[in-house]
S.K.: 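Below is the structure I would like to discuss, written out as C-alpha cells.
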Number of protein chains: 2
Amino acid sequence: MKKITIGEAARRSGVKVPTVRYYESIGLLAAPSRSEGNQRSFEPADISRLAFIRHARELGFEIEAIRTLLTLQDDPHQSCASADAIAKARLVEVEQRIRSLTALKAELETMVEGCGHGRVDQCRVIEVLADHGQCTHSHH
Amino acid sequence: MKKITIGEAARRSGVKVPTVRYYESIGLLAAPSRSEGNQRSFEPADISRLAFIRHARELGFEIEAIRTLLTLQDDPHQSCASADAIAKARLVEVEQRIRSLTALKAELETMVEGCGHGRVDQCRVIEVLADHGQCTHSHH
DNA sequence: CTACATCCTCTAGCGACTAGAGGTGCAAGA
DNA sequence: TCTTGCACCTCTAGTCGCTAGAGGATGTAG
C-alpha cells in the first residue's frame with residue numbers, strides 16, 4: 001500500500017489541506033500515521049471519511065451533527081433513528097431558511113425596482129431600509 | 001430633549017444593548033454624548049440609524065455594505081447608483097442561495113424518505129452521505 | 001438608606017475555517 | 001551531488017458579527 005500525502009488526500013476528497021488538518025485537530029478524523037520525515041500518511045478509508053464530511057458540510061450539517069453521523073456510520077448495527085432525526089431537523093431548518101430568503105427576495109426586488117437611478121433622496125433602496133413600516137417583510 | 005439611555009435605544013430600535021455598543025465600537029454609529037456618570041445619551045436620529053442598520057442586517061447585508069449605504073443616506077445628493085448596485089448584488093446572492101437550498105432540500109427529502117428506520121447499514125441517510133455519486137446534488 | 005436594575009469597560013468565546021510566518025522534507029533536473 | 005522549488009510541518013492570529021461574563025459604577029424607587 002502506497003502512502004497518501006495530505007495533498008493527495010485533499011485532492012481526492014475535495015477537502016482543502018488546512019481543513020484536513022483542522023478536522024484532525026478537532027478529532028473528526030483520526031490522526032493518521034506519519035512518514036519518517038513526520039509527514040501524514042493517509043489510508044483509503046480516511047479519504048472516504050473526508051468525502052463523507054465534505055458532503056455533509058455541503059448539506060449544511062454542523063460539525064457536531066457530523067460527529068454523531070460518523071459514530072453511527074462506524075457502528076452499522078445501531079439504530080438509524082438518530083441519523084434520521086438529524087436529517088429531519090436539518091430539513092426543517094432548510095425549509096425555514098428558504099421561506100425566509102424568499103421573503104427577503106421579494107423585499108429586495110421591490111427595492112431594486114423602485115430605484116429611479118437618480119439621487120439618494122429619491123432612492124427606494126435607502127428609503128425602505130430607513131423606514132421598516134414601508135416593507136412587506138414581517139419578523140418572528 | 002430628554003436623554004435616551006442605551007436600554008431605551010435598544011428597545012426602540014430592536015437592536016440589543018451589547019450590539020449597540022458593538023456598532024459604536026466599529027464606527028457604524030457615532031459615539032453619543034455621555035451623562036455626568038459616563039452613561040451614553042442617544043438622540044432620536046441614533047434610533048433611526050439603529051433601525052436602519054437592523055433592517056439591513058435582517059435583509060442579510062454585510063456590515064461593510066451597510067456602512068456604504070449609511071454614508072449614502074448621510075448625503076442625499078449623491079447618486080444612488082451604489083445603493084442600487086449593493087441591493088442588486090444582494091438580490092443575486094439571495095437568489096443563488098435559494099436555488100442551492102432548494103437542491104439541498106430535495107436531497108434531504110430523498111434521504112429522509114429512503115430511511116427505513118431500521119439499522120444504520122440499511123439507512124439511506126448515512127449511505128447517501130458516504131457515497132456522493134448516489135445523490136442528485138451538483139456542485140459549482 | 002438600601003435594594004436592585006441598568007449601566008460601564010474589558011476580555012474571551014462562538015463556528016468553521018483561513019492566512020501567514022518560519023521552518024523541514026522530498027523528488028527531479030543539471 | 002547539488003540545487004531548485006514545491007509540498008509539507010507547527011503555531012499563532014485573524015475572519016464575521018456578535019454574545020457572554022467578570023467586576024465594578026450609576027441611577028432610581030421605596
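Lettering follows sequence order; numbering is per chain, from 1.
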S.K.: What is the distance, to the nearest angstrom, from the NZ atom on B:K3 to the P atom on C:dC7?
M.R.: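 Atom-to-atom, B:K3 to C:dC7, this comes out as 12 Å.
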
S.K.: Given the rule in the side chain to side chain contact (heavy atoms under 4.5 Å, CB included) test, do A:C123 and A:E127 qualify, once you have shown the distances and angles that lead to the verdict?
M.R.: CA-CA 6 Å; A:C123 181; A:E127 196 186 332; over 6 Å; no

S.K.: What N/O pairs connect the protein and nucleotides 14-17 of chain D at under 3.5 Å? Give each pair on its own line.
M.R.:
residue: D:dG17; atom: OP1; partner: B:I63; partner atom: N; Å: 3.4

S.K.: Round to the nearest Å and state the distance from A:I6 atom CD1 to D:dC9 atom C1'.
M.R.: 9 Å

S.K.: Below 3.5 Å between N/O atoms, which protein atoms pair up with nucleotides 4-6 of chain D? Just atom names and distances, please.
M.R.:
none

S.K.: Among C:dC8, C:dC7, D:dC8, find the nucleotide with the atom closest to the side chain of B:R34.
M.R.: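 Selected nucleotide (nearest to the side chain): C:dC8.
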
S.K.: Tell me the interatomic distance from A:K16, atom NZ, to C:dA19, atom C1', rounded to whole angstroms.
M.R.: 11 Å

S.K.: In whole angstroms, how far is the C1' atom of C:dC17 from the CZ atom of A:R54?
M.R.: 16 Å

S.K.: Let's see if you can work this out: which of D:dC9, C:dC7, D:dC18 has an atom nearest to the side-chain heavy atoms of B:T19?
M.R.: D:dC18

S.K.: Judged by atom type as modelled, is there a donor-acceptor pair below 3.5 Å linking the side chain of A:R49 to the main-chain atoms of A:L28?
M.R.: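 Yes.
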
S.K.: Check A:E107 against A:V128 and note the closest heavy-atom contact, atom names and distance.
M.R.: OE2-CG1, 3.7 Å

S.K.: Are the side chain of B:R90 and the backbone N or O of A:L108 linked by a donor-acceptor pair below 3.5 Å?
M.R.: no

S.K.: Can you tell which of C:dC7, D:dT19, D:dT10 lies closest to the side chain of B:P18?
M.R.: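 Ranking C:dC7, D:dT19, D:dT10 by closest atom to the B:P18 side chain puts D:dT19 first.
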
S.K.: To the nearest Å, give me how far apart CD1 (A:I26) and P (C:dC14) are.
M.R.: 13 Å

S.K.: In this structure, how many angstroms lie between the P atom of D:dC8 and the CZ atom of A:R11, rounded?
M.R.: 7 Å

S.K.: Rounded off to whole Å, could you give me the CZ-to-P distance for the A:R21 and C:dC17 pair?
M.R.: 15 Å

S.K.: Test salt bridge (charged side-chain N to carboxylate O under 4.0 Å, His left out) on A:E109 and A:K105 and set out the steps.
M.R.: CA-CA 6 Å; A:E109 275 166 349; A:K105 178 170 175 287; 3.1 Å; yes

S.K.: For a quick check of understanding: with a heavy-atom distance under 4.0 Å over all strands, which category does A:R40 fall into, base, sugar-phosphate or nothing?
M.R.: sugar-phosphate

S.K.: Just wondering, are more than 12 heavy atoms of other shown residues or ligands nearer than 6.0 Å to CZ in A:R97?
M.R.: no

S.K.: N/O contacts under 3.5 Å, protein versus nucleotides 24-26 of chain D?
M.R.:
none

S.K.: Take a 6.0 Å sphere around CD of B:Q78 and say whether it holds more than 12 heavy atoms from other residues, nucleotides or ligands.
M.R.: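 Yes, because the 6.0 Å sphere around CD of B:Q78 holds more than 12 heavy atoms from other groups.
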
S.K.: Assess whether a salt bridge exists between A:R99 and A:E95, defined as any Lys/Arg side-chain N lying under 4.0 Å from an Asp/Glu carboxylate O.
M.R.: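 Result for this pair is no, no salt bridge flagged.
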
S.K.: Determine the sole option in A:L72, A:T71, A:L69 for which the side-chain contact (heavy atoms from CB on, under 4.5 Å) test with A:S82 is passed.
M.R.: A:L72

S.K.: Does B:E24 CD have over 12 foreign heavy atoms under 6.0 Å away?
M.R.: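 Atom CD in B:E24 is crowded, with more than 12 foreign heavy atoms closer than 6.0 Å.
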
S.K.: Between C:dC8 atom C1' and B:F42 atom CZ, what is the distance in whole Å?
M.R.: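 Distance, rounded to whole Å: 12 Å.
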
S.K.: For the residue pair A:F52 and B:I126, what are the closest heavy atoms and their distance?
M.R.: CE1-O, 3.7 Å

S.K.: Closest approach of A:A9 and A:F42, non-hydrogen atoms and distance?
M.R.: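 In this case the closest contact between A:A9 and A:F42 is CB-CD1, 3.9 Å.
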
